[in-house]
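Scroll down for the structure; my scribbles are underneath it.
Positions are given from 1 along the sequence. One-based numbering, in listed order, for ligands and for the atoms of each. In this text, all values refer to a predicted model and were calculated from it rather than measured experimentally.
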Amino acid sequence: MFIKIIFRFLLVILLFNFINCSNKLIYSITSNLDPTVGQIVTIINPINNDILSNSSINLDCTINGIVSIDENQMVAKVLCGFKSLISIDLKSGENQIIGISDSIIPTFSTKSQQLFYSNNNVYMSVSTNIYKSITFFDFNFNTNFTMFNSIPTFDYNYLVDDTSIYSFDYNLNNMYILYSSESNSSNCNLISFNVNNMQNTLQTYKSINNLENGFSQLLFTNEQGELFLLYGNPNTDSFDVCKFTLQENSNTCINVLSIAVTQLYPNFNYLLSYLNDENQHFTIVQLTNDNDSVQFSTYYISNFTIAYQYTINNIWNNGNTQQTTYFYSS
Ligand SMILES: *[C@@H]1O[C@H](CO)[C@@H](O)[C@H](O)[C@H]1NC(C)=O
Ligand SMILES: *[C@@H]1O[C@H](CO)[C@@H](O)[C@H](O)[C@H]1NC(C)=O
Ligand SMILES: *[C@@H]1O[C@H](CO)[C@@H](O)[C@H](O)[C@H]1NC(C)=O
Ligand SMILES: *[C@@H]1O[C@H](CO)[C@@H](O)[C@H](O)[C@H]1NC(C)=O
Ligand SMILES: *[C@@H]1O[C@H](CO)[C@@H](O)[C@H](O)[C@H]1NC(C)=O
């Protein structure tokens with residue numbers, strides 16, 4: 001009886017500790033272009049550099065990004081092969097297919113911005129090499145039907161098509177796509193539309209001055225629906241954030257934050273930045289000068305102050321171009 005009580009007491013302490021630190025964990029999934037090589041899932045407690053879990057799982061496809069992580073259930077959802085939504089138990093590595101798109105999906109190239117997920121729909125906007133158009137994908141994993149629409153795109157430099165970048169506003173269900181202008185390489189154009197009513201809501205904002213899309217990292221909105229871009233600035237060796245002012249005739253993106261970084265283009269295949277928790281935070285991932293550690297700096301989107309910052313051991317294989325590492329933290 002007494003032992004049972006002590007056991008229960010210990011269990012409660014263990015659970016408490018686990019939950020207590022669970023909101024500070026960093027999750028990484030390293031995917032390999034060759035699906036027969038395991039995809040590595042790692043959970044780290046950044047406070048003490050502790051690797052809580054490290055498993056290698058075999059899926060028949062390459063992971064394209066983390067769609068969501070439920071930290072209470074310790075379950076990640078990932079998009080795999082741009083076709084299937086798979087849930088992965090982060091502790092055991094067990095996985096299960098939630099849905100497989102039943103459409104024939106065109107091939108495309110994509111800049112690694114993360115995926116946007118709402119009500120079992122995964123949204124993505126990429127170039128499918130169609131003349132002057134960007135394709136919007138809506139993977140609906142309730143029905144397994146994937147809708148893809150070609151968006152007619154004014155002044156789109158589709159020859160440098162890797163540079164389009166997109167964002168999703170969860171409050172308005174709006175998607176934004178920023179792309180390079182064909183007529184002036186130092187400008188960008190932007191389109192926005194409601195994902196449930198694209199035809200009637202499509203808007204184009206032309207010639208956003210002095211914004212080169214090649215360096216862009218993340219496009220995101222705040223709670224008020226204001227739109228921002230995080231981009232690498234080669235003139236100042238910094239990651240800058242600018243805020244869009246969209247008007248009929250004069251569109252600009254005005255700098256609101258500058259963050260000095262060690263390397264703008266590290267030879268390391270990870271996402272250099274990612275959004276957390278439905279656009280509450282963004283995190284910048286940086287190698288330290290000796291490449292032995294990786295620093296994670298998380299900023300509030302509401303006021304751009306640092307929410308937290310961790311430096312942890314570099315356990316990722318930096319140089320392997322076959323691999324991409326995706327991160328998640330809350
Ligand atoms: C994690 O697991 C992978 C695959 O089993 C292994 O290659 C890697 O060295 C492990 N990493 C750490 C930090 O233990
Ligand atoms: C979607 O695909 C998954 C995996 O193949 C399957 O289990 C599920 O029944 C499908 N859903 C529908 C509505 O067809
Ligand atoms: C391109 O746009 C910039 C402003 O962003 C302007 O200064 C420049 O004159 C434009 N170049 C041409 C060729 O129109
Ligand atoms: C760190 O990695 C970069 C490439 O990302 C390389 O240019 C640099 O020489 C490395 N530094 C050290 C100290 O190894
Ligand atoms: C910034 O905003 C967050 C919530 O969005 C808040 O918790 C934090 O205290 C704010 N920091 C400052 C310095 O205003």
Quiz item: Between Tyr170 and Phe168, what is the ring plane arrangement, given parallel below 30°, perpendicular above 60°, and tilted in between?
Solution: perpendicular

Quiz item: Should you measure from each heavy atom of Ile51, which atoms of ligand 1 turn up under 4.0 Å away?
Solution: 13 (C)

Practice problem: Say whether Met124 and Ile177 are linked into one hydrophobic cluster, either directly or through other cluster members, by side-chain heavy-atom distances under 4.5 angstrom. | Solution: yes

Quiz item: Heavy-atom distance from atom 14 (O) of ligand 5 to the protein below 4.0 Å?
Solution: yes

Exercise. Measure centre to centre between the rings of Phe220 and Phe228, then say whether the value is under 6.0 Å.
Key: yes

Quiz item: Can you say whether the rings of Phe136 and Phe193 are parallel (under 30°), tilted (30 to 60°) or perpendicular (over 60°)?
Solution: perpendicular

Quiz item: Just by distance, do the side chain of Asn149 and the backbone of Ile151 share a donor-acceptor pair under 3.5 Å?
Solution: no

Quiz item: How many angstroms lie between atom CD1 of Ile301 and atom CG of Leu230, to the nearest 0.5 angstrom?
Solution: 10.0 Å

Practice problem: Return yes if some donor-acceptor pair links the side-chain N/O of Asn222 with the main-chain N/O of Glu226 below 3.5 Å, else return no. | Solution: yes

Self-check item: Top protein contact for atom 3 (C) of ligand 1, by heavy-atom distance
Solution: Asn54 ND2, 3.7 Å

Exercise. Looking only at protein heavy atoms, identify the closest one to atom 4 (C) of ligand 5 and say how far it is in Å.
Key: Ser302 OG, 3.8 Å

Exercise. Could you check atom 12 (C) of ligand 5 against the protein and tell me its nearest heavy-atom contact, residue, atom and distance included?
Key: Asn303 ND2, 3.3 Å

Self-check item: N/O donor-acceptor pair under 3.5 Å between Asn32 side chain and Pro35 backbone
Solution: no

Self-check item: Atoms of ligand 5 close to Thr305 [distance to a heavy atom under 4.0 angstrom, numbered from 1]
Solution: 1 (C), 11 (N), 13 (C)

Practice problem: Look at atom 5 (O) of ligand 1 and say which protein heavy atom is nearest, naming residue and atom and giving the distance to 0.1 Å. | Solution: Ser56 CB, 3.9 Å

Self-check item: For ligand 1, the portion of Thr42 having any non-hydrogen atom under 4.0 Å away
Solution: neither

Practice problem: Using a strict cut-off of 4.0 Å, indicate which atoms of ligand 2 neighbour a heavy atom of Asn142. | Solution: 13 (C)

Practice problem: Give the residue and atom name of whichever protein heavy atom lies nearest to atom 9 (O) of ligand 2, and the separation in Å to one decimal. | Solution: Asn144 ND2, 4.8 Å

Self-check item: atom 7 (O) of ligand 2 - nearest protein heavy atom and its distance
Solution: Ile98 O, 4.6 Å

